[in-house]
Amino acid sequence: QVHLVQSGGGSVRPGGSLRLSCVASGDTFSNVYMAWFRQDPGKEREAIVSISIDDTRSYVASVKDRFVVSRDNAKNTLYLQMNRLESEDTAVYYCAASNRQRGSSYRSMDKNDYDYWGQGTQVTVSS
């Protein structure tokens with residue numbers, strides 16, 4: 001079992017920055033691969049970044065040059081640094097984790113690959 005608690009988020013003007021955090025408890029944090037998803041009302045939850053056990057990272061094109069995912073295994077925490085935010089980034093953001101045995105470089109953009117979810121946090125980008 002992995003329990004995820006998110007913090008961060010809020011409202012920011014276009015071009016601004018925010019950082020999201022996701023603290024994990026339960027299973028050994030260094031054994032889980034993780035991701036950040038976001039969801040607009042009425043739309044599917046979509047992955048934007050994923051990170052493997054060995055810190056290999058994947059990004060979708062729309063955030064690749066603006067967002068940075070990182071993990072601190074000593075603090076059991078996943079981060080998402082979001083820079084140069086745009087109105088299109090407005091959504092509820094979720095962290096996700098899985099401890100399935102997939103190999104140290106495995107990461108996924110498929111929500112069906114994740115068993116544990118944070119509570120979600122709203123990010124609003126507006127002038």
Side-chain angles (χ1 to χ4, degrees):
Q1 291 285 335
V2 179
H3 184 57
L4 303 174
V5 178
Q6 297 178 221
S7 61
S11 296
V12 66
R13 295 185 183 278
S17 298
L18 286 172
R19 189 175 81 159
L20 305 182
S21 299
C22 175
V23 178
S25 59
D27 197 356
T28 304
F29 183 73
S30 59
N31 289 340
V32 300
Y33 59 92
M34 304 189 73
W36 287 98
F37 287 72
R38 65 186 182 188
Q39 187 170 22
D40 290 329
K43 294 187 178 180
E44 290 286 321
R45 191 172 298 185
E46 61 174 6
I48 54 173
V49 300
S50 61
I51 186 167
S52 69
I53 291 171
D54 68 1
D55 212 26
T56 305
R57 307 169 191 185
S58 295
Y59 297 86
V60 295
S62 60
V63 308
K64 183 172 173 38
D65 296 324
R66 301 184 296 121
F67 292 9
V68 179
V69 63
S70 61
R71 60 189 298 161
D72 186 335
N73 289 347
K75 295 182 178 180
N76 291 352
T77 302
L78 178 74
Y79 300 101
L80 182 65
Q81 178 66 42
M82 303 184 291
N83 302 316
R84 303 200 312 276
L85 282 158
E86 304 169 352
S87 57
E88 291 78 12
D89 296 317
T90 296
V92 177
Y93 285 69
Y94 298 89
C95 61
S98 174
N99 54 8
R100 303 180 197 181
Q101 300 299 308
R102 295 286 182 92
S104 60
S105 296
Y106 185 84
R107 66 261 184 228
S108 174
M109 298 299 220
D110 184 349
K111 60 180 180 293
N112 295 311
D113 273 340
Y114 294 91
D115 301 303
Y116 308 103
W117 294 86
Q119 79 276 20
T121 185
Q122 178 70 46
V123 170
T124 302
V125 185
S126 174
S127 57

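Because only heavy atoms are used, hydrogens play no part in the values below, and waters and symmetry mates are left out as well, while side chains stay in. From a predicted model like this one, the values you see are computed outputs, not experimental measurements.
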query: Would you call Arg38-Asp40 a salt bridge at under 4.0 Å N-O?
result: no
Restricting to pairs with a member in [range], which pass disulfide (SG to SG under 2.5 Å), not counting sequence neighbours?
range: residues 37-84; result: none
range: residues 43-93; result: none
range: residues 28-72; result: none
range: residues 14-52; result: Cys22-Cys95

Find out if a path of hydrophobic residues (ILVMFWY) with successive side-chain heavy-atom gaps under 4.5 Å connects [X] to [Y].
X: Leu78; Y: Ile53; value: no
X: Ile51; Y: Met109; value: yes
X: Leu80; Y: Tyr94; value: no
X: Tyr116; Y: Tyr106; value: no
X: Val123; Y: Val68; value: yes

Identify every side-chain donor-acceptor pair in residues 59-67 under 3.5 Å, counting partners at least two apart or on other chains, and give the distances.
from  : atom 1 : to    : atom 2 : distance (Å)
Tyr59 : OH     : Val69 : N      : 3.0
Arg66 : NE     : Ser62 : O      : 3.4
Arg66 : NH1    : Arg84 : O      : 3.0
Arg66 : NH1    : Asp89 : OD2    : 2.7
Arg66 : NH2    : Ser62 : O      : 2.9
Arg66 : NH2    : Asp89 : OD1    : 3.0
Arg66 : NH2    : Asp89 : OD2    : 3.4

Please list, chain by chain and in numerical order, all residues satisfying side-chain contact (heavy atoms from CB on, under 4.5 Å) with [X], sequence neighbours excluded.
X: Ser104; answer: Asp54
X: Ser30; answer: Thr28, Asn73
X: Asn112; answer: Asp110
X: Asn76; answer: Phe29

Would you check if the side chain of [X] reaches a backbone N or O of [Y] as a donor-acceptor pair within less than 3.5 Å?
X: Thr56; Y: Ser105; value: no
X: Trp117; Y: Leu4; value: no
X: Arg45; Y: Val92; value: no
X: Gln6; Y: Gly120; value: yes

Minimum heavy-atom distance [X]-[Y], with the two atoms named:
X: Asp55; Y: Arg71; result: OD1-CG, 3.7 Å
X: Tyr114; Y: Ser50; result: OH-CB, 3.9 Å
X: Met34; Y: Val32; result: CG-CG2, 3.9 Å
X: Val5; Y: His3; result: CG2-NE2, 3.6 Å
X: Thr121; Y: Gly8; result: OG1-O, 3.0 Å

- request: Decide whether Tyr33 and Asp113 meet the rule of one side-chain donor and one side-chain acceptor closer than 3.5 Å.
  value: no
task: Report the distance from atom OG of Ser98 to atom CZ of Arg107, rounding to the nearest 0.5 Å.
output: 14.5 Å
Let me have the donor-acceptor pairs involving side chains of residues 10-21, under 3.5 Å, with sequence neighbours excluded, atom names and distances please.
from  : atom 1 : to     : atom 2 : distance (Å)
Arg13 : NH1    : Ser127 : O      : 3.0
Ser17 : OG     : Asn83  : OD1    : 3.1

query: What pairs of residues pass the salt bridge (Lys or Arg N to Asp or Glu O under 4.0 Å) test when at least one of them lies in residues 115-127, not counting sequence neighbours?
result: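 Listed once each, the pairs are Arg100-Asp115.
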query: Who are the salt bridge (Lys or Arg N to Asp or Glu O under 4.0 Å) partners of Asp72, not counting sequence neighbours?
result: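 Per chain and number, Asp72 pairs via salt bridge (Lys or Arg N to Asp or Glu O under 4.0 Å) with no residue.
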field: Candidate pair Gln122 and Thr90, rule side-chain contact (heavy atoms from CB on, under 4.5 Å), full reasoning
entry: CA-CA 8 Å; Gln122 178 70 46; Thr90 296; 3.9 Å; yes
